[in-house]
Amino acid sequence: MKAKTWNLLVLGCTSGMLAVLAGVTIFVDPFLHYHGGQDFLEYPLQDERYQNDGIVRHYDYDSIITGTSMSQNFNCSEFDKLWEAESIKIANSGASYHESGENIRRVFSHNADVVNVLCSLDGSRLNVPAYEDEYEGYPVYLYDNNPFNDVNYLLNKEVVPKTIAVLNYTRSGQRTPTMDEYQNWSRYKSFGRDSVLSSFSLAEELEEESVLTDEDIRQIRENVSINFLELAKEHPDTTFYLFFPPYSICYWEALVRTKQLNSQLEAQKTGVEVLLSAENIRVYDFSYRVDIIENLDNYTDSIHYGEWVNSEMLQMMKAGEGLLTKDRLEEYYDFIAELYLQYDYSQY
């Protein structure tokens, strides 16, 4: 066999194999990129940063739940009942405000009729650059509408096991998780005092008080403006429900011991002041719910709470409890500062 003929044969076989691989990936579509999944297949839904965009593109919804792990235990069915809505959940563990904001922007690019956005505001993500992301290696080829960079999906050796996993998942009789089940980690964790304290190290007590600089204030304002305020102003018919979660009493003790309590509350107040300049943004802060916060049975570590807390937050938000207003911000955060500065942490 001549070298030229051999090279053409190898090239043809290789091209054929790649075409088959691409065809199988398109057909099964483990990341839901092209068609949101075949009706006769069941999908594990275990790769949020790879599958969320497919859910956004192909599911039916008029509301979204996003943010960080603080939002992952919400049940969409409960939200839907309270708000008379049809929601999807597309949170990302450890997301920065920028990532959450980009999630919401992609939602609007595919569905301009979204009426409700529910998103967590993690306090530790406030004082960071507006375009900072917590995660490296984003599959941006899934997020855009450029068909040419889809080669990173279609001919990716790491996608092959994901395709096989869909087939095995279906064959084993399992079913695609509902939006209640998707991302919900609550049922897999242990909760209570032992679980929390085993993962919690008592912070060294510091003497010097942490103070926000002018640059910190500027950065906080820019962060919330770019990633939430601008979106709200661009979509005035959508209501944004943003909330600061009820972290456990251990979190508050750490802030007190490290002299960061006042600066953290000042950061939250600064961010809220900016957000409340949009009429369609509602901001909630559940730091006042000491009954939740001091009960370590609600937590698996110092900040992560069980799905029953998510449920209670939905009920409170719908009832307007924990809702912050411009005229009472100073009073509210002074109250929170006094509450946790005077709290008796020795019992823990």
Side-chain angles (χ1 to χ4, degrees), residues 28-95 99-121 139 142-143 162 165-166 169-170 172-189 238-243 245 284 304-318:
V28 176
D29 199 11
F31 295 156
L32 313 176
H33 183 59
Y34 293 107
H35 47 70
Q38 301 287 3
D39 291 340
F40 52 86
L41 293 176
E42 305 293 335
Y43 291 76
L45 298 189
Q46 297 172 335
D47 300 283
E48 57 196 27
R49 285 183 169 89
Y50 290 82
Q51 293 172 318
N52 277 348
D53 195 66
I55 292 172
V56 166
R57 289 173 184 266
H58 302 292
Y59 278 43
D60 294 326
Y61 59 94
D62 62 19
S63 303
I64 67 165
I65 298 172
T66 190
T68 64
S69 53
M70 301 295 114
S71 293
Q72 290 182 323
N73 292 334
F74 284 120
N75 286 328
C76 286
S77 61
E78 185 175 10
F79 180 91
D80 294 349
K81 184 176 181 180
L82 288 169
W83 270 265
E84 298 182 352
E86 185 175 10
S87 62
I88 56 171
K89 185 166 49 178
I90 50 166
N92 288 321
S93 297
E99 184 176 0
S100 295
E102 287 302 293
N103 266 356
I104 300 168
R105 281 189 172 88
R106 285 196 298 275
V107 166
F108 283 119
S109 72
H110 296 293
N111 184 349
D113 298 323
V114 169
V115 295
N116 301 300
V117 172
L118 172 61
C119 183
S120 56
L121 293 175
L142 296 174
Y143 299 164
K162 301 295 183 180
V166 171
Y169 192 78
T170 303
S172 68
Q174 300 186 76
R175 56 178 178 75
T176 303
T178 66
M179 281 291 106
D180 286 357
E181 297 164 332
Y182 178 47
Q183 300 189 326
N184 190 318
W185 46 261
S186 184
R187 66 203 68 187
Y188 307 112
K189 296 287 187 177
T238 303
T239 302
F240 289 72
Y241 299 88
L242 311 178
F243 70 95
Y284 300 80
H304 290 95
Y305 40 76
E307 62 182 350
W308 52 93
V309 176
N310 292 81
S311 176
E312 188 161 358
M313 284 193 292
L314 283 182
Q315 300 286 339
M316 288 190 288
M317 281 188 273
K318 188 59 179 176

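- At a threshold of 4.5 Å between non-hydrogen side-chain atoms, the residues N73 and N184 count as touching.
- Considering all non-hydrogen atoms of both residues, M179 and S87 come closest at CG-O, 4.1 Å.
- Side chain of Q51 to backbone of L32: no donor-acceptor contact under 3.5 angstrom is found.
- Between the T238 side chain and the V114 main chain, a donor and an acceptor come within less than 3.5 Å of each other.
- Checking R49, Q72, Q183 one by one against S93, the side-chain hydrogen bond (donor to acceptor under 3.5 Å, both in side chains) holds for a single residue, Q72.
- Between W185 and H304, the closest side-chain pair of non-hydrogen atoms falls below 4.5 Å.
- Paired with N92 under the rule side-chain hydrogen bond (donor to acceptor under 3.5 Å, both in side chains), one option of T66, N52, T68 passes, and it is N52.
- The nearest pair of heavy atoms linking H58 to H35 is NE2-N, 3.6 Å.
- For Y43, the ring pair (Phe, Tyr, Trp, His ring centres under 6.0 Å) criterion is met by no residue, not counting sequence neighbours.
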Before you tell me yes or no, could you show the steps for V117 and V107 under side chain to side chain contact (heavy atoms under 4.5 Å, CB included), namely the whole-Å CA-CA distance, both residues' side-chain angles and the distance that decides it to 0.1 Å?
CA-CA 10 Å; V117 172; V107 166; over 6 Å; no
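- The distance from the OH atom of Y34 to the CG atom of L142 is 8.5 Å, given to the nearest 0.5 Å.
- Closest approach of K318 to L82, counting heavy atoms only: CE-O, 3.1 Å.
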Verify side chain to side chain contact (heavy atoms under 4.5 Å, CB included) between S63 and W83, making sure each step is shown before the conclusion.
CA-CA 9 Å; S63 303; W83 270 265; 5.8 Å; no
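- Environment of CD in E181: crowded, with over 12 heavy atoms of neighbouring residues, nucleotides or ligands closer than 6.0 Å.
- Here the straight-line distance linking atom CG of N75 with atom OG of S186 works out to 9.0 Å at 0.5 Å rounding.
- Between V56 and N103, every side-chain heavy-atom pair lies at or beyond the 4.5 Å cut-off.
- Contact detail for F243 and M70: the closest heavy-atom pair is CZ-O, 4.0 Å.
- Contact detail for L121 and P245: the closest heavy-atom pair is O-CD, 3.5 Å.
- Residues satisfying the ring pair (Phe, Tyr, Trp, His ring centres under 6.0 Å) criterion with Y284, sequence neighbours excluded, are absent altogether.
- The CG atom of D29 sits 14.0 Å away from atom NZ of K162, with the distance rounded to the nearest 0.5 Å.
- Relative ring orientation between Y50 and F31 is described as tilted, the plane-to-plane angle lying within the 30° to 60° band.
- Between the side chains of Y61 and N116, no donor-acceptor pair is found at a separation under 3.5 Å.
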Passes side chain to side chain contact (heavy atoms under 4.5 Å, CB included), C76 versus Y182? Steps please.
CA-CA 10 Å; C76 286; Y182 178 47; over 6 Å; no
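- Looking at L45 and T176, their side chains come closer than 4.5 Å, going by heavy atoms from C-beta outward.
- Side-chain contact annotation: E78 with Q315, donor-acceptor N/O pair under 3.5 Å present.
- From R57, atom CZ reaches atom OH of Y143 across 10.5 Å, with rounding to the nearest 0.5 Å.
- Remark: S77 OG to E86 CD distance equals 12.5 Å, nearest 0.5 Å.
- Considering only heavy atoms from C-beta on, D62 stays 4.5 Å or farther from D113 through its side chain.
- L118 is listed as a side-chain neighbour of L314, based on a closest heavy-atom distance under 4.5 Å.
- Here D53 contributes atom CG and R106 contributes atom CZ; the two are 5.5 Å apart, rounded to the nearest 0.5 Å.
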Could you check Y241 against F74 for ring pair (Phe, Tyr, Trp, His ring centres under 6.0 Å), going step by step and ending with a plain yes or no?
CA-CA 14 Å; Y241 299 88; F74 284 120; over 10 Å; no
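- The shortest non-hydrogen separation linking V166 to P30 is CG2-CB, 4.0 Å.
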